[in-house]
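First up is the structure itself, then whatever we jot down about it.
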Amino acid sequence: MENGMNKVYAPKRIEKKWQEIWDNEKAFAASNDYSKPKYYALVEFPYPSGQGLHVGHPRPYTALDIVSRKRRMQGYNVLYPMGWDAFGLPTENYAIKNKIHPKIVTKNNVARFKEQLHSLGFSFDWDREINTTDPNYYKWTQWIFLKLFKAGLAYKKEMPINWCTSCKVGLANEEVVNGVCERCGSEVVRKVKSEWMLKITDYADKLLEGLDTVDYIERVKVSQKNWIGRSEGAEVDFKLKDKEDKLRVYTTRPDTLFGATYMVVSPEHPYIDQYKDEITNWDEIVAYREQAAKKSDFERTELAKEKTGVLLGGITAINPVNGKEIPIWISDYVLMTYGTGAIMAVPAHDDRDWEFAKKFNLPLIQVVEGKNGPVEINEAAFTDVATGKMIHSDFLNGLEVTEAKEKMKDFLEEKGIGTRKVNYKLRDWVFSRQRYWGEPIPIVECEKCGFVPIDESELPLELPEVESYMPTDNGESPLAAMTDWVNVKCPCCGGPAKRETDTMPQWAGSSWYFLRYTDPTNEEALASKEALNYWLPVDWYNGGMEHTTLHLLYSRFWHRFLYDENVVPTKEPYQKRTSHGMILGENGEKMSKSRGNVVNPDDIVNEFGADTLRTYEMFIGAFDLSASWSEQGVKGCRRFLERVWKLKELVTDETDYSKEMETKMHQTIKKVTNDFESLKFNTAIAAMMALINDFYKNNSLTKGEFKTLITLLNPVAPHITEELWENMGFEGRLYQTQWPVYDEAKTVENTIEIAVQINGKTKATILVAKEEEKDSAIAKAKEAIQDKLTGNVVKEIYVPGRIVNIVMK
RNA sequence: GCAGGUGUGGCGGAAUGGCAGACGCAGCAGACUCAAAAUCUGCCGGUGGCAACAUCGUGUGGGUUCAAGUCCCACCACCUGCACCA
């Protein structure tokens, strides 16, 4: 029991001791006993960078560690796994620079990360560790790709890539900073390359509908919806004057068709070349197209969005509803990649069209007015759909906008000049990378048979050893230089063929990793049916806001596809999704080397201990908001743990709760239990701080009270509490103990202090019984404020347990 | 511009429509100490008052209510995404 060494709280010794014990006892291994209730808690697995663990990593890890530890004590079979999202650019760039195999770089980084995570005492099930760069893992990433290919969801397409003119390398968007190469600062241009694409757009509606069935925090749902960007409208055909061809446009406002005064096509629209001979100002058009093509994404978004354009001379269109002849313009505010690449412009009721019309002096025709009469359209476009009423629109006149939309759609379909149409902002997923450090795409290109998938039995298709990890001069992956790897026989006809040399993006391995954790060593399948049936869906997934669009959408897409292929049992992978806020430097700025405000978690563990770091990161503030680091705050948490440690000297032999502390104990259990499940770790810790302040005030506490306290605190500070448990001679291990339960009836004090107010202002407080009747409560209240009852009492309000309010005139 | 979020002491932050500022940090005073650190005790939103107490106070302006940080309307500021998607 008590010995000299344990007089002083020494986290270094205690933490190492318990980490070893937990490892040896496999304390946190998820069981394969599928009869127990399960709980699957998941945090985004890290990219093992060369910098090691950042002080931001432990925030979400500790949060779900708390939930996992608590759930285990409540009798759940908990799966809380960890792994490595280890393919990626920084590793590859490091490998290029230092001429080390990325495999070795990854191995070293993983070892460092693992040691750091281990030192923080997370209850991960290390037996289920996975690594996306392990061929036994990416075998199944490739397997899923083959399934997508066979289902017609993977295809090749010419796409522009970012090309650094100096490095002669294709760059990821993240490597292009302000239009120049991040590494060398040279100009980055567009270069067209044939790329693998995944047809995520086929799943737009399914991904949208699925959101209604899951419990994601609101802003995550909203950004998923915005990213998919569904809009309902119509496609309408405008006849070209004196031609057979029709110019098809997409619009969400078919109701405003009578207000169309011109049309705009994107600079890449095929009609421009098709009618080259009839266009009267061809030179002008060519010049404009060149200028538009040169604009980088940076210029299109960051710079002033002054409208530009040229008139398409010699060609006009006919408005199908009123037969009016209108001009056609070319402008880069119309995108070829959305809708039909052409629009009808209604400047009176669309901000962009209005701006364009003002600049080029084009006419405005108002077709919608306000509910209560005319509105001015010469100052700004009138775009209010909710209150608009149709005018100057023939058969639509007098209708509200929403009615007019439907009536016009019916009309268009009846007359055969248009159809209802749904569009999405979501684009297909560019799946190729011209890089070495990624999963090889398991496809062979045969001159005769085209793209042929390799046979499943040949998976994993492993990365070959190469001399250099540099992409080639013409922008191809380093794999392209490996001719004996590239040249193969066609699996289909046996003729000469070439392997695909592009690799998959980092998003691939992370799109299904949560499935592998359920059965990480399975060689027959990505996971067994039994394991998937039992563990899915993930009950709680937490990750950063930066992943709420792409990673979340991509993994939901793959999961839904695997559901359709009958591989997984649930439509949605994650039942609940939360996001944590960033941890900023002491100065309130983002932590970065250049700002010199980076905090290394190792230093905190060394100086204060892992339990202090964990407690501090949970106490720092609301979990979903960003928070600034404070060394003083860390010290405060260490002080709290010291006070918990020293409490053992005040513990009596009594095993029950004491009379005076009983209510407080039940209240604290209730608060901590609920707060842990609703991300309110800061208030849970505050409640425990308040509890020990009471113990110190009383200068004593019972064994039962201490037991409950350290059990409640265990998920937050697992080492110190386990040590105290052992010191006190309590039975077994703390991590194997039952989570404390509270009695609702005992969470309310028998005598309560309530406020007495006059006209809502507190004047005094009185003591009343838990079930005090209204009459006697009011009588007591009046007695307490006797001298202030000077007016006519018009109303007496009693809220049991809260207040008495006397309303006087 | 659109969407989402946030505005409360010196600071981080608490408050199912019911005593605003729990808990922590910093600060001040005291105890212990030769001294410092650590620890312990007390105080700690503003103004007035020796005090009891009074009065103001949750970004701004209105409103609903016996009662508003909390609900409604209109604004302001900051943060985070998306950004010419017809």
Side-chain angles (χ1 to χ4, degrees), chain A residues 217-223 225-227 229-231 233-234 249-254 256 263-264 266 297 300-302 305-308 331-335 337-346 349-353 355-356 383 423-427 545-546 548-549 579 581-582 588 615-616 619-622 624-637 639-640 642-643 646 671 680 682-693 696-697 753-766 793-808:
Chain A
I217 52 172
E218 191 55 25
R219 53 186 173 144
V220 172
K221 277 196 186 184
V222 167
S223 47
K225 278 181 195 161
N226 289 346
W227 196 262
R230 185 180 202 273
S231 79
V249 301
Y250 174 71
T251 177
T252 55
R253 294 293 305 273
T256 61
M263 301 184 81
V264 187
S266 135
D297 278 354
R300 282 208 182 196
T301 58
E302 296 295 321
K305 279 172 241 154
E306 176 97 2
K307 294 275 183 292
T308 59
S331 173
D332 63 3
Y333 86 88
V334 173
L335 311 172
T337 47
Y338 185 79
T340 62
I343 61 158
M344 65 174 204
V346 184
H349 304 292
D350 180 278
D351 292 327
R352 294 150 305 185
D353 297 346
E355 218 184 293
F356 191 84
T383 57
N423 262 325
Y424 304 91
K425 287 188 200 173
L426 185 67
R427 303 292 149 82
M545 273 312 283
E546 69 275 22
T548 46
T549 45
S579 278
M582 248 197 304
T615 307
Y616 174 65
F619 189 61
I620 194 167
D624 57 332
L625 300 179
S626 58
S628 300
W629 188 264
S630 153
E631 176 107 9
Q632 290 299 341
V634 177
K635 280 185 188 159
C637 288
R639 206 171 291 159
F640 164 61
E642 296 269 8
R643 277 163 69 81
K646 277 188 264 173
K671 175 127 191 85
K680 288 153 84 180
N682 53 339
T683 49
I685 292 168
M688 291 187 273
M689 286 173 168
L691 181 66
I692 73 159
N693 288 347
Y696 274 105
K697 226 165 264 167
E753 193 189 51
I754 66 168
V756 179
Q757 302 180 329
I758 295 175
N759 296 338
K761 299 215 166 186
T762 303
K763 298 291 170 188
T765 57
I766 53 168
V793 174
V794 288
K795 204 168 179 183
E796 291 161 342
I797 290 153
Y798 171 53
V799 183
R802 297 285 182 185
I803 53 133
V804 170
N805 190 11
I806 311 287
V807 185
M808 285 196 311

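Treat the numbers as computed from the prediction; the structure is a model and nothing was measured. So you know, we letter chains A, B, ... as the sequences are listed, proteins then strands, and number each from 1.
Looking at heavy-atom distances under 4.0 Å, A/G636 makes contact with sugar-phosphate atoms alone, never a base.
When each of A/M344 and A/A687 is assigned the nucleotide of RNA chain B with its nearest heavy atom, A/A687 is the one assigned upstream, toward the 5' end.
Under the Watson-Crick and G-U wobble criteria, each requiring two contacts below 3.5 Å, nucleotide B/rC71 is paired to B/rG63. Searching all strands for a Watson-Crick or G-U wobble partner of B/rG17 with both distances below 3.5 Å returns nothing. Checking B/rA54 for Watson-Crick or G-U wobble geometry (two distances, each under 3.5 Å) identifies B/rU47 as its partner. B/rC28: Watson-Crick or G-U partner is B/rG42, with both key distances under 3.5 Å.
Here the separation of B/rG9 from B/rG57, taken at their C1' atoms, is 10 Å to the nearest Å. With both ends at atom C1', the span from B/rC23 to B/rA77 equals 29 Å, rounded to whole Å. Nucleotides B/rC11 and B/rU65 have their P atoms positioned 36 Å apart, rounded to a whole Å. Taking atom C1' on both B/rU70 and B/rA14, the two are 13 Å apart, rounded to the nearest angstrom. Atom name P, nucleotides B/rG10 and B/rU60: the rounded distance is 14 Å, in whole Å.
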Between the protein and nucleotides 63-66 of chain B, list every N/O to N/O distance that falls short of 3.5 Å.
| from | atom 1 | to | atom 2 | distance (Å) |
| --- | --- | --- | --- | --- |
| B/rC66 | O2' | A/N805 | ND2 | 3.4 |
| B/rC66 | O2 | A/N805 | ND2 | 2.5 |

Would you tabulate the pairs of protein nitrogen or oxygen atoms and nucleotide nitrogen or oxygen atoms of nucleotides 38-41 of chain B closer than 3.5 angstrom?
| from | atom 1 | to | atom 2 | distance (Å) |
| --- | --- | --- | --- | --- |
| B/rU39 | OP1 | A/R639 | NE | 3.4 |
| B/rC40 | OP1 | A/R643 | NH1 | 2.8 |

Short heteroatom pairs, N/O only, protein and nucleotides 1-12 of chain B, under 3.5 Å:
| from | atom 1 | to | atom 2 | distance (Å) |
| --- | --- | --- | --- | --- |
| B/rG12 | O2' | A/I620 | O | 2.8 |

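For B/rC84, its base never sits under 3.5 Å from the side chain of A/E355 at any donor and acceptor pair. For A/K635 against B/rC25, a side-chain-to-base donor-acceptor contact under 3.5 Å is absent.
Spacing between atom CD1 of A/I692 and atom C1' of B/rG24 amounts to 12 Å, rounded to whole angstrom units. Between A/K763 atom NZ and B/rG18 atom C1' there is a gap of 16 Å when expressed in whole angstrom units. Here the P atom of nucleotide B/rU80 and the CG atom of A/D624 are 15 Å apart, to the nearest Å. Protein atom CD1 of A/I343 is 11 Å distant from nucleotide atom P of B/rA86, rounded to whole Å. Atom CD1 in A/I685 sits about 12 Å away from atom P in B/rA14, given to the nearest Å.
OP1 or OP2 of B/rC56 lies within a sub-4.0 Å distance of a side-chain N or O belonging to A/K761.
Below 30°, between 30° and 60°, or above 60°: for A/Y616 and A/W629 the angle between ring planes is above 60°, a perpendicular geometry.
A/F356 CZ to A/D351 CG: the interatomic distance, rounded to the nearest 0.5 Å, is 15.0 Å.
In this entry the base of B/rG9 is syn relative to its sugar, with a glycosidic angle within 90° of 0.
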